[in-house]
Chemist: 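So that we are looking at the same thing, I have put the structure below in structure tokens.
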Amino acid sequence: MIRIRQVKVLVNRNSEEELKKKTASKLKIRPGRIEKISINKRSIDARDKNNVLYVYEVDISIKNENQVLKKRFSKDIFKSPREAYQLPKCGTEKLKTRPIIVGSGPAGLFCTYLLAEEGYFPLLIERGEKIEDRVKTVNTFFEQGILNQESNVQFGEGGAGTFSDGKLNTLVKDSFFRKKKVLEIFVEHGAPKEILYDNHPHIGTDILRKVIVNIRNKIIKMGGEIRYQNCLTNLVIENNRIKEIEINHKYKLPCEILVLAIGHSARDTFQMLHQKGLNMTSKPFAVGIRIQHPQKMIDTVQYGSSSCLEKASYKLVCQSSHNRGVYTFCMCPGGYVVNASSEENRLVVNGMSNYKRDSINANSAIVVTVSERDFGPHPLDGISYQQKLEEKAYKLGNGMIPIQLYQDYKKNQITRGLGSIKPVFKGRYSYANLNELFPKEISDSIKEAIESFACKIDNFNRGDAILAAVESRTSSPIRIVRDKNLNTNVKGIYPCGEGSGYAGGITTSAMDGIKVVEQIVKIYTN
């Protein structure tokens, strides 16, 4: 096949026929000579708002391929490379017990999937509920404020990403095509095909839930087992190697291989692991607020009058006068701000979108980087810092999401009523003064950033923009130290995913889970 880059099609004329025509033009051939065309990548070029373009990278089948390649007129035309993931297999040791994976977020789910596919009969344990029950539990929390600390927006089948936008983009270099493997598995189990080539792929929380159920069923069909409402509560270590694990403080399982895919909010598990002597360090993360604007405002700024495009997003960054990095995080076009709490008397927010992104508002976090100078050098100090902020947010909102208009945030006064932007939340909210939440340096940095971002997104600093707090779970505050073989200092324990501090988001977490599988199959045979 031949690969052609930089094939540009006007968005209002986008069709397979037009794409084939533009591709043929790049090759200087008739469109009829193209036997098959497949999309490898697609992005949007909206620099000229009057002529917004889709920019494609495509692979084509054509007769006399080598002759065409000899006559190529551009560096954007070349033979399609082979891009397929290959799992290395060279293990010789026999496992006495099946691998145990803790946590069914992306890292744990994909680790379990590949191990099951290779015949290792893995056991996946999850402290929360399966998707069907978890959704009911979370909706009850949104509507009534009744929190289940073991099954919520953070914990349960699918992990925290299940109640998010379902974004799948990553900037990680991927010469082994792990990302391609992840996306292919998603599509095989019901995700939309365009995630394979869109520059900013997303599934949406509604479709992601269905996909996870299909992946679960396939794992079971391949010989894996999943146990819900099973929380890892202790480790039995002998001669610096994992021997057993304890579940729910009640029973033990023999264990040679333990994959820790626990997510960034399993604070009780982090504490237990630290007490058991696993090496870990604190790491920087970010805290801040969520901001809501009308989605139409963002669409107009980004795309002009083009109305046939997906909902527009943005990614913004600045450096404050306090020498703090401030950036937008987890931007959710056409989304909701959700109460993502997982602990009593503590409150945290996150963003969530369905596949169609059909809410009237856009929202994103505006977060400020924090580090040891803010919370201290102990590995668990970052967790304590998060918890104190979440306790403040809970009190400010009287147990509900504390919100404030941006104009009142600048004036340091409590909001008494909303402007023209209709709030879009999952969970109850109340008015508050968010200046009482952070140290002044962080609040000032957020305000500076909002004003700075208005230079890039017109009216970003509008007075009636709705702020909500607290965004504190941007990434894990912990890194569980692992060696080049992805082992901890206790042999047989493999930390992976966002909770262990080596990934961020659905795709990179899933890829990290695959990396752990690679290390396991290098040593052990099925």
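Only a predicted model underlies this, so the values are computations on that prediction, with no experimental measurement involved. One-based numbering along the sequence shown. Quick note: numbers below take in every heavy atom, side chains included, and nothing from hydrogens, waters or symmetry partners.
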Chemist: Determine whether more than 12 heavy atoms belonging to other residues, nucleotides or ligands lie under 6.0 Å from atom NZ of Lys315.
Modeler: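 No, not enclosed.
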Chemist: Is any side-chain heavy atom of Val259 less than 4.5 Å from a side-chain heavy atom of Cys496?
Modeler: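 Yes - at least one pair of side-chain heavy atoms lies under 4.5 Å apart.
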Chemist: Any side-chain donor-acceptor pair under 3.5 Å between Arg267 and Gln386?
Modeler: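 Yes, because at least one side-chain N or O of Arg267 sits under 3.5 Å from a partner of the opposite role on Gln386.
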Chemist: Would you check, one step at a time, whether the test salt bridge (charged side-chain N to carboxylate O under 4.0 Å, His left out) holds for Arg178 with Glu518?
Modeler: CA-CA 11 Å; Arg178 297 185 187 103; Glu518 293 167 1; 2.9 Å; yes
Chemist: Determine whether Glu118 and Lys89 satisfy the following criterion, salt bridge (charged side-chain N to carboxylate O under 4.0 Å, His left out), listing intermediate values before the conclusion.
Modeler: CA-CA 10 Å; Glu118 295 300 317; Lys89 301 175 188 178; 2.8 Å; yes
Chemist: Measure across Glu451 and Asn461 and return the closest heavy-atom pair with its distance rounded to 0.1 Å.
Modeler: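 Looking at all heavy atoms of both residues, the closest pair is OE1-ND2, 2.8 Å.
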Chemist: When you measure from the side chain of Asn199 to the backbone N and O of Ser43, does any donor-acceptor pair fall under 3.5 Å?
Modeler: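 No, because the side chain of Asn199 does not come within donor-acceptor range (under 3.5 Å) of the backbone of Ser43.
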Chemist: Grab the two heavy atoms, one from Ile506 and one from Gly166, that are nearest each other, plus how far apart they are.
Modeler: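 Closest pair (atom of Ile506, atom of Gly166, distance): CD1-CA, 3.7 Å.
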Chemist: Going by atom types only, do Tyr228 and Glu150 share a side-chain donor-acceptor pair under 3.5 Å?
Modeler: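 No, Glu150 and Tyr228 have no side-chain donor paired with an acceptor closer than 3.5 Å.
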Chemist: Could you give the distance from CD1 (Ile291) to CD1 (Ile366), rounded to the nearest 0.5 Å?
Modeler: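 With rounding to 0.5 Å, CD1 (Ile291) is 4.5 Å from CD1 (Ile366).
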Chemist: Heavy-atom count check: over 12 atoms from other residues, nucleotides or ligands less than 6.0 Å from Glu132 CD?
Modeler: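 Result for CD/Glu132: enclosed.
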Chemist: Any chance NZ of Lys218 has more than 12 other-residue heavy atoms, nucleotides or ligands included, within less than 6.0 Å?
Modeler: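 Yes, the 6.0 Å shell around NZ holds more than 12 heavy atoms from other groups.
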Chemist: Are any of the side-chain heavy atoms of Val68 and Arg33 separated by less than 4.5 Å?
Modeler: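 Sidechains of Arg33 and Val68: in contact.
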Chemist: Taking the side chain as every heavy atom from C-beta outward, state whether Lys41 and Arg5 have any atom pair closer than 4.5 Å.
Modeler: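 Answer no - side chains too far apart.
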Chemist: Heavy-atom distance under 4.5 Å between the side chains of Arg324 and Thr369, does that happen here?
Modeler: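 Side chain of Arg324 against side chain of Thr369, heavy atoms only: no contact under 4.5 Å found.
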Chemist: Tyr56 and Asn14: side-chain donor and acceptor closer than 3.5 Å?
Modeler: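 Yes.
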Chemist: What residue among Leu183, Thr507, Val182 forms side-chain contact (heavy atoms from CB on, under 4.5 Å) with Ile195?
Modeler: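 Only one option passes, and that is Leu183.
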Chemist: Quick one: closest heavy-atom pair of Tyr120 and Pro99, and the distance?
Modeler: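 That closest heavy-atom pairing would be O-CD, 3.4 Å.
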Chemist: Any side-chain donor paired with an acceptor under 3.5 Å for Ser364 and Thr328?
Modeler: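 Ser364 vs Thr328: no donor-acceptor pair found between side chains.
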Chemist: Hey, is NZ on Lys167 packed in by over 12 heavy atoms from elsewhere, all under 6.0 Å?
Modeler: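 For Lys167, atom NZ is crowded (more than 12 foreign heavy atoms under 6.0 Å).
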Chemist: Going from NZ on Lys181 to CG on Asp174, what distance comes out if it is rounded to the nearest 0.5 angstrom?
Modeler: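 Going from NZ on Lys181 over to CG on Asp174, the span is 13.0 Å.
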Chemist: State, without any angle test, whether Ser353 and Lys311 hold a side-chain donor-acceptor pair at a distance under 3.5 Å.
Modeler: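 There is no such pair (donor and acceptor under 3.5 Å, judged by atom type) between the side chains of Ser353 and Lys311.
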Chemist: Given Glu157, which of Lys130, Arg216, Arg134 fulfils the salt bridge (Lys or Arg N to Asp or Glu O under 4.0 Å) condition?
Modeler: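 So the option named by the test is Arg216.
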Chemist: Going by salt bridge (Lys or Arg N to Asp or Glu O under 4.0 Å), Glu57 matches just one of Lys8, Arg42, Lys26, Arg3. Which one?
Modeler: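 Single pass found, and it is Arg3.
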Chemist: Under the side-chain hydrogen bond (donor to acceptor under 3.5 Å, both in side chains) rule, what do Asn361 and Ser359 come out as? Steps first, then yes or no, please.
Modeler: CA-CA 6 Å; Asn361 285 354; Ser359 146; 5.6 Å; no
Chemist: Between the side chains of Asn139 and Glu143, is a donor N or O closer than 3.5 angstrom to an acceptor N or O?
Modeler: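 Looking only at side-chain atoms, Glu143 and Asn139 do not form any donor-acceptor pair under 3.5 Å.
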Chemist: Do Gln154 and Ser342 have a side chain donor and acceptor closer than 3.5 Å?
Modeler: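 No, no side-chain donor-acceptor pair sits under 3.5 Å.
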Chemist: Just wondering, do Phe176 and Ile514 contact through their side chains at under 4.5 Å, heavy atoms?
Modeler: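 They are not in side-chain contact.
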Chemist: Just wondering, are more than 12 heavy atoms of other shown residues or ligands nearer than 6.0 Å to NE2 in His200?
Modeler: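 Counting other residues, nucleotides and ligands, NE2 of His200 stays at 12 neighbours or fewer.
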Chemist: Scan side-chain atoms only and decide if Ser420 and Arg462 contain a donor-acceptor pair under the 3.5 Å cut-off.
Modeler: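 Indeed, the side chains of Ser420 and Arg462 share at least one donor-acceptor pair under 3.5 Å.
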Chemist: Which heavy-atom pair separates Leu347 from Pro402 by the least distance, and what is that distance?
Modeler: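 So the minimum-distance heavy-atom pair works out to CD2-CD, 3.9 Å.
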Chemist: Please state whether the rings of Phe460 and His293 are parallel, tilted or perpendicular, taking 30° and 60° as the class boundaries.
Modeler: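 The rings of Phe460 and His293 sit tilted, inter-plane angle from 30° to 60°.
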Chemist: Grab the two heavy atoms, one from Asn459 and one from Met297, that are nearest each other, plus how far apart they are.
Modeler: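 Scanning both residues, the minimum pair turns out to be O-CE, 3.8 Å.
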Chemist: Using the six-membered ring of Tyr409, assess whether NZ or CZ of Lys447 lies under 6.0 Å from its centre and within 45 degrees of the ring axis.
Modeler: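 Cation-pi check for Lys447 and Tyr409: passes.
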Chemist: As a test of understanding, state which of Glu498, Glu390, His264 forms a side chain to side chain donor-acceptor pair (under 3.5 Å) with Arg473.
Modeler: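 Among Glu498, Glu390, His264, the one meeting side chain to side chain donor-acceptor pair (under 3.5 Å) with Arg473 is Glu390.
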Chemist: Report the distance from atom CG of Asp165 to atom SG of Cys330, rounding to the nearest 0.5 Å.
Modeler: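 One gets 6.5 Å once the value is rounded to the nearest 0.5 Å.
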Chemist: Would you please test Ile403 and Leu418 for side-chain contact (heavy atoms from CB on, under 4.5 Å) and show each step?
Modeler: CA-CA 10 Å; Ile403 74 167; Leu418 297 172; 4.0 Å; yes
Chemist: Calculate, to the nearest 0.5 Å, the distance between atoms CD1 and NZ belonging to Ile29 and Lys63 respectively.
Modeler: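 Separation between the atoms: 12.5 Å.
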Chemist: Check whether Asn354 reaches the backbone of Lys356 with its side chain - one donor and one acceptor, N or O, closer than 3.5 Å.
Modeler: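 Flag not set: sc Asn354 to bb Lys356 has no pair under 3.5 Å.
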Chemist: Looking at Glu35, I'd like to know if its CD atom is crowded, meaning that more than 12 non-hydrogen atoms belonging to other residues, nucleotides or ligands lie closer than 6.0 Å.
Modeler: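 Yes, the 6.0 Å shell around CD holds more than 12 heavy atoms from other groups.
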Chemist: Which pair of non-hydrogen atoms, one from Val470 and one from Leu389, has the smallest distance, and what is that distance?
Modeler: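 That closest heavy-atom pairing would be CG1-O, 4.1 Å.
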Chemist: Tell me yes or no: between the side chains of Ser80 and Asp59, is some donor less than 3.5 Å from an acceptor?
Modeler: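 Ser80 vs Asp59: donor-acceptor pair found between side chains.
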Chemist: How about Tyr314 and Phe453: are their ring centres within less than 6.0 Å of each other?
Modeler: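 Aromatic pair excluded; centres sit 6.0 Å or further apart.
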Chemist: Compare all side-chain heavy atoms of Phe163 with those of Val138 and state whether any distance is below 4.5 angstrom.
Modeler: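 Side-chain contact under 4.5 Å: yes.
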Chemist: Any donor-acceptor pair under 3.5 Å linking the side chain of Ser452 with the backbone of Glu448?
Modeler: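 Such a contact is absent between Ser452 side chain and Glu448 backbone.
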Chemist: So, do Leu486 and Tyr502 sit near enough that their side-chain heavy atoms are less than 4.5 Å apart?
Modeler: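 With C-beta onward as the side chain, the pair stays apart.
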Chemist: Report the distance from atom CD of Glu310 to atom OH of Tyr303, rounding to the nearest 0.5 Å.
Modeler: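 OH of Tyr303 is found 4.5 Å from CD of Glu310.
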Chemist: Which word best sums up how the rings of Phe329 and Tyr327 line up, parallel for under 30°, tilted for 30 to 60°, or perpendicular for over 60°?
Modeler: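 Ring orientation, 0 to 90° scale: perpendicular.
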Chemist: Nearest 0.5 angstrom please: Gln302 CD to Ile44 CD1, how far?
Modeler: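 Result: 10.0 Å between the selected atoms.
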Chemist: Can you establish whether the number of heavy atoms outside Arg227 located under 6.0 Å from its atom CZ is more than 12?
Modeler: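 Buried by this count: over 12 neighbours within 6.0 Å.
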Chemist: Any heavy-atom pair between the side chains of Leu27 and Ile60 that's under 4.5 Å?
Modeler: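 Of all side-chain heavy-atom pairs linking Leu27 with Ile60, at least one is under 4.5 Å.
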Chemist: So, Gln292 side chain and Val424 main chain: donor-acceptor pair closer than 3.5 Å or not?
Modeler: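 Present.
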Chemist: Is the gap between the ring centers of Phe110 and Phe186 under 6.0 Å?
Modeler: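 Ring centroids of Phe110 and Phe186 are less than 6.0 Å from each other.
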